[in-house]
Amino acid sequence: MEAMALDRSPDGEALRAQAARIRGRVVEMCHASKSAHLGSSLSCVDVLTAAYWHALRIDPKRPDDPKRDRFILSKGHAAMAIYATLAMRGYFPEEELATYNQDDGRLAEHPPANLLPGVEAATGSLGHGLPIGLGSALAGRIKGQDYRVFALLSDGENNEGSVWEAAMFGAGQKLENVCVIVDYNKWQATGRSNETLALAPLRDKWAAFGWDAHEVDGHDVAKLAELMANVPNGSGKPVALIAHTVKGKGVSFMEDDNNWHYRAPTAEEVTEAHRELGLI
Amino acid sequence: MRNAFADELTKLGQEDPRVVMLSGDIGNKLFDKFKDAQPDRFFNCGVAEQNMMGVAAGMAMNGMRPVAYTITPFITTRCLEQIRTDAAYHEVPVTIVAVGAGLSYAGLGPTHHACEDISFLRSIPNMVVMAPGDAWEVRAALRAILRQDRPVYMRMGKKGEPVIHSGPIEDFEIGKAITIEDGSDVCLLSTGNMLPEALEAGRLLGEQGISTRVVSFHTVKPLDEACLADAFQRFQRVVTIEEHSVIGGLGAAVAEWAVDTGVDARKLMRIGTPDKFFKKSGEQEFARECLGLTGHQIAERVCATVEQRTSAVS
């Protein structure tokens, strides 16, 4: 197990550079596979970077260590982002990213069960990751282990009733070692998330459900790293970070344009994206 | 059955530190002994079954043996996707225990009836589907479930059903049916809480000179294929009996098996509930009578289709 994350403060510059590299890989993967969910993947890269390169107490060589922190990508449609993250963090070879969405591989369009190191739970149907995370946290409590559980949800995912069942349960059980991060990119598949269901005020909703809820810039990777590393934060409550993000973040012509929920970039657009990300 | 379940689970909770009890806000006082003995391993999850099932899966992924319990429709259809995706797809040892299967809670109306659960659950990969026939089978099944590593669905009746076995069933195995009475003309395969009706039907058929084997077919998935092969070979009629729809239940499973294996499927007769909601008020006994599921009605239905062998009549 690596040294406690709390021993060091986040290196913002290094984290931003890492996030850019992940975005570059995600754009390449989307182009090669012609798959959907590029915008949703790009919006949560800073959260993943803050988690895997700072906050989480993990050892990629020991993905099944019982004492590891658990990170559950509940918004499983951001599979490209978690695959690039896990590979670049050392859970499996980066070359395998080229097999994404190809025949006979391990990297399907949603993360698989019991197949890929570092994937804590198979997700893709929304509203499942948090209940699984709460069960994981309770198992730790029963066994006297102090690992933390992080669940990354999409804003559209907050439409699911099971999310709010879980919110009440997590607060009721005072699971202060659990942290929800909502990737609040203001879009769901076919429309503005606040025009679809009445999502706002989202922080107030989580607070009303008994969580220590905070709004945060979901692209301030250093701040995210600090807040996530600080779980449990002394409030005695589970923590909810409402991370304000931009769908398609990092590539100007993808930002806040919901066409990139389903569109894949051309080769020229990949080059342009890499240029904007400072990778070439 | 439910009291036996609570009692056996309390014992298992003391024997196995991995056992965790999750209740969907039912069983008032039923689990008091478990709670007293294991306060940190009992969770009232409230009326929130989707979350309860996901929590159970998360626990099972992390080395625990959660047992999730509430009334049948709410722990099956209400959270079917969590059962499928969180428990079965991850292939983790979640034990799903349903109370009030079939028409046990007839008086509560169709919202509380459960005549489709076997059908749903057995179509899910990795799932084991069980329906013990009495309180002793419930105890034995629960022990057997916690000795293995797959997700299991166990449907029970309510409380106060006749006790069939005389004591603990030492050689109980998941997927191995139990012959309660033996015979040579007709084989009744009963699953779950229909066992007393099947035994009554067997007794009445015997009085008619029809020698009847009665089997407690407590596991619907995986099927006891050896038991079925023997039944279709030796008996002129094989009858499935269940308080469950004829669509997708034990009878359907046996019919599928019969067609796939090439035995004489014409021997099969399926007794279950019709493809209809039962909307009348009244208790379980009344509902069974209306649907032709009581022992004497089963005997009459079977008798009408059996060639009585004069040699078998003394």
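So that the names make sense, note that chain A is the first sequence line, chain B the second, and so on, each numbered from 1.
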Legend entry - Proximity breakdown for A/Arg70 and chain B, heavy-atom pairs closer than 4.5 Å: side chain
Inset, instruction - Measure distances from B/Val92 to the heavy atoms of chain A and classify the residue's part below 4.5 Å as side chain, backbone, both or neither. - result: neither
Inset, instruction - For chain A, find which of B/Ala60, B/Gly63, B/Gly54 contributes the most heavy-atom pairs closer than 4.5 angstrom. - result: B/Gly54
Inset, instruction - Answer yes or no: does atom CZ of B/Arg78 have more than 12 heavy-atom neighbours from other residues, nucleotides or ligands under 6.0 Å? - result: no
Inset, instruction - Would you mind telling me which of A/Ser162, A/Ala139, A/Ala122 has the largest number of heavy-atom pairs within less than 4.5 Å of chain B? - result: A/Ala122
Inset, instruction - Decide if atom CG of B/Asp275 counts as having more than 12 heavy atoms of other residues, nucleotides or ligands within a radius under 6.0 Å. - result: no
Legend entry - Rounded distance [0.5 Å steps], CG in A/Leu134 versus CZ in B/Phe43: 11.0 Å
Legend entry - Residue pair A/Lys143, B/Met64: steps toward the side-chain contact (heavy atoms from CB on, under 4.5 Å) verdict: CA-CA 9 Å; A/Lys143 291 192 280 190; B/Met64 308 308 290; 4.0 Å; yes
Inset, instruction - Count the heavy atoms belonging to other residues, nucleotides or ligands that lie under 6.0 Å from CZ of B/Arg84, then report whether that count exceeds 12. - result: no
Inset, instruction - Hey, could you give me the CD/CD distance between A/Glu165 and B/Glu49, rounded to the nearest 0.5 Å? - result: 7.0 Å
Inset, instruction - Rounded to the nearest 0.5 Å, what's the gap from CD1 on A/Ile142 to CZ on B/Arg18? Could you check? - result: 12.5 Å
Legend entry - Heavy-atom neighbours of B/Lys33 NZ exceed 12 at 6.0 Å: no
Legend entry - Validation row: A/Ser125, B/Glu81 side chains within 4.5 angstrom (heavy atoms): yes
Legend entry - Considering all heavy atoms, the nearest B/Cys45-A/Phe169 contact: SG-CE1, 3.8 Å
Inset, instruction - Can you measure from CD (A/Glu120) to CG (B/Asn62) and round to the nearest 0.5 angstrom? - result: 7.5 Å
Legend entry - Which of A/Leu138, A/Leu130, A/Thr123 touches chain B most, by non-hydrogen pairs under 4.5 Å: A/Leu138
Inset, instruction - Return yes when atom NZ of B/Lys158 has more than 12 non-hydrogen atoms of other residues, nucleotides or ligands closer than 6.0 Å, and no otherwise. - result: yes
Legend entry - Contacting region of A/Pro112 [heavy-atom separation from chain B under 4.5 Å]: both
Inset, instruction - Under 4.5 Å, counting heavy-atom pairs only, tell me which of B/Glu91, B/Gln50, B/His90, B/Met59 racks up the most with chain A. - result: B/His90
Legend entry - chain B contact via A/Gln173 - side chain, backbone, both or neither, heavy atoms under 4.5 Å: side chain
